[in-house]
Amino acid sequence: MKMETDVNRFRRIVRGRIKENLKRYISSGELIGRQGNKQVTIPLPRIDLPRFQFGGNQQKGVGQGEGEPGDPLNKGQPQPGEGEAGKDAGEHGMDVDVSLDELADILAEELQLPRIEDKGKKNVHSKKYRYHGVLRTGPESLRNFKRTYKEALKRQISVGDYDPNNPTIVPIKEDKRFRSFKVEEKPEASAAIIYMMDVSGSMGDEQKEIVRLTSFWLDTWLKRNYDNLDTRYIIHDAVAREVDEQTFYHTKESGGTLISSAYKLCDKIIKENYPIDEWNVYLFHFSDGDNWSGNDTNECMQLLDTSLLPSSNLFCYGQVESRYGSGQFLKDLEKHYPNAGGEDNVVVMHQIKDRDGIMGALKAFLGKGK
């Protein structure tokens with residue numbers, strides 16, 4: 001019990017340290033590189049649980065000895081940065097493994113994210129076997145050894161075959177008991193998340209890294225809310241195409257920008273794979289705000305109004321700041337959707353100026369609980 005108390009106390013301290021430094025972790029790609037199977041290794045400063053430590057009895061009593069008020073207590077001891085080079089090891093940090101689910105919960109607490117309420121769409125049913133009783137017949141693999149032993153013991157005692165000095169229990173066929181079970185189908189909420197990213201010449205490596213970090217945390221939160229999450233990736237310049245995750249974050253492209261090409265491909269993917277009555281669909285588009293023409297922007301608004309918004313839970317546009325981008329598309333969206341971000345509106349827009357802005361983007365995108 002003492003050890004369990006210390007472990008829980010340690011975990012609370014670790015959780016507190018993670019929350020204190022969450023903004024730094026979010027804006028750093030270090031966690032993604034340390035990601036394992038449903039776990040993330042987080043580097044933390046050294047953590048010591050507080051405890052009493054007895055010292056030598058060189059001085060008698062507390063606060064006695066030579067000195068004047070205001071004198072430093074560690075007078076005469078070397079200060080940090082003083083002294084000669086040494087050969088001993090210094091104090092180092094530690095790595096702590098944290099599950100992605102726990103990381104999502106910490107993110108939710110820090111950003112005060114509401115639990116997502118899905119639309120009630122059901123797509124996947126998982127079978128769960130629940131053991132609920134004991135039968136006299138069944139396969140040997142389901143034999144309940146404890147119950148079988150008890151039945152054999154009761155039988156031998158009742159007929160006088162039990163010898164306390166030689167307690168040998170031999171079950172017979174009538175003593176055998178087997179676990180019974182029933183199959184329950186559990187509906188699982190399903191969600192599809194479609195990322196779209198502008199990869200034209202004005203989107204540099206730093207802009208793509210911001211998108212990658214934002215997407216990692218979006219994935220972490222959505223996976224915490226849904227049992228079945230399907231992720232798709234679209235890149236676009238003047239032409240859009242669907243790619244895998246590796247290509248999405250590391251492609252080198254250039255050229256002009258037609259945002260409508262991405263929205264058309266996104267609409268096609270939704271209609272072919274994610275029926276509106278079965279899936280919760282989340283759309284995230286990242287760009288520096290440059291578009292080829294006002295006519296293409298008008299086509300984007302029409303696609304959003306007639307196709308993408310009616311078939312999705314949420315459409316989020318994150319504008320990554322670039323020295324080459326005009327940022328006009330965000331202004332056009334704000335003009336077309338003046339009530340964006342409202343209680344019933346599924347459109348959310350946010351400008352991500354740099355890595356420090358990722359936390360604000362997550363709050364804006366996920367804060368509605370849709």
Side-chain angles (χ1 to χ4, degrees), residues 100 104 107-108 113-126 187-198 211-212 214-236 240-245 247-249 259-287 299-319 329 333 336-337 339-350 361-370:
L100 290 177
L107 177 70
L113 300 180
R115 177 75 179 179
I116 289 178
E117 297 182 5
D118 64 82
K119 296 178 180 177
K121 304 172 183 178
K122 300 295 183 289
N123 185 65
V124 178
H125 287 76
S126 62
E188 297 182 351
S190 301
I193 178 171
I194 302 178
Y195 292 110
M196 297 169 278
M197 181 169 63
D198 176 4
V211 174
R212 184 171 80 107
T214 307
S215 301
F216 169 78
W217 291 97
L218 290 170
D219 276 346
T220 299
W221 175 241
L222 289 173
K223 285 176 181 176
R224 182 64 169 136
N225 284 266
Y226 291 102
D227 303 302
N228 181 43
L229 185 66
D230 199 10
T231 307
R232 310 288 284 266
Y233 300 94
I234 295 174
I235 60 175
H236 74 88
R241 59 191 177 99
E242 185 178 5
V243 296
D244 57 22
E245 183 178 9
T247 305
F248 183 81
Y249 292 121
I259 295 177
S260 65
S261 64
Y263 290 2
K264 289 175 183 177
L265 180 55
C266 179
D267 183 40
K268 181 174 181 290
I269 291 174
I270 293 174
K271 289 179 178 177
E272 292 179 355
N273 300 276
Y274 306 110
I276 190 173
D277 58 337
E278 295 178 2
W279 288 83
N280 298 274
V281 179
Y282 296 86
L283 309 178
F284 295 93
H285 179 215
F286 298 94
S287 171
E299 188 172 2
C300 290
M301 304 305 169
Q302 185 177 1
L303 285 166
L304 286 169
D305 291 338
T306 60
S307 299
L308 297 183
L309 298 186
S311 59
S312 61
N313 293 46
L314 198 63
F315 171 82
C316 298
Y317 174 71
Q319 187 154 290
F329 194 70
L333 278 173
H336 191 77
Y337 299 105
N339 299 319
E343 189 66 28
D344 299 323
N345 200 296
V346 299
V347 178
V348 178
M349 297 166 276
H350 193 80
L362 296 173
K363 174 69 174 177
F365 292 162
L366 302 175
K368 298 183 66 173
K370 282 185 171 288

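All values derive from a computational prediction rather than experimental measurement. All values below were derived from every heavy atom in this structure, side-chain atoms included, with hydrogens, water molecules and symmetry-related copies excluded.
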Shortest non-hydrogen contact between [X] and [Y], atoms and distance:
X: Tyr195; Y: Ser215; answer: OH-O, 3.1 Å
X: Ala340; Y: Met349; answer: CB-CE, 3.1 Å
X: Ser287; Y: Ile259; answer: OG-CD1, 4.5 Å
X: Ala240; Y: Ile234; answer: CB-CG2, 4.2 Å

In Å, rounded to the nearest 0.5 Å, how long is the span from [atom1] of [X] to [atom2] of [Y]?
X: Phe284; Y: Leu314; atom1: CZ; atom2: CG; answer: 6.0 Å
X: Asp198; Y: Gln319; atom1: CG; atom2: CD; answer: 10.0 Å
X: Arg212; Y: Trp217; atom1: CZ; atom2: CH2; answer: 12.5 Å
X: Cys266; Y: Leu283; atom1: SG; atom2: CG; answer: 4.5 Å
X: Tyr226; Y: Ile193; atom1: OH; atom2: CD1; answer: 10.5 Å
X: Asp267; Y: Ser307; atom1: CG; atom2: OG; answer: 4.0 Å

Does [X] reach the side chain of [Y], with side-chain heavy atoms less than 4.5 Å apart?
X: Glu242; Y: Ile269; answer: yes
X: Leu265; Y: His236; answer: no
X: Asp230; Y: Trp279; answer: yes
X: Tyr282; Y: Leu218; answer: no
X: Tyr337; Y: Met301; answer: yes
X: Tyr263; Y: Glu299; answer: no
X: Leu304; Y: Leu333; answer: yes
X: Asp244; Y: Tyr233; answer: no

Problem set entry | For Asp219, all residues meeting salt bridge (charged side-chain N to carboxylate O under 4.0 Å, His left out), sequence neighbours excluded | none
For this session: Kindly determine whether Leu222 and Thr231 satisfy side chain to side chain contact (heavy atoms under 4.5 Å, CB included), including the steps that lead there.
Result: CA-CA 11 Å; Leu222 289 173; Thr231 307; over 6 Å; no
Exercise. Quick one: side-chain contact (heavy atoms from CB on, under 4.5 Å) partners of Ala104, sequence neighbours excluded?
Worked result: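 Counting only residues at least two positions away or on another chain, Ala104 forms a side-chain contact (heavy atoms from CB on, under 4.5 Å) with Thr220, Trp221, Arg224.
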For this session: Can you label the angle between the His285 ring and the Phe315 ring as parallel, tilted or perpendicular, going by 30° and 60°?
Result: tilted
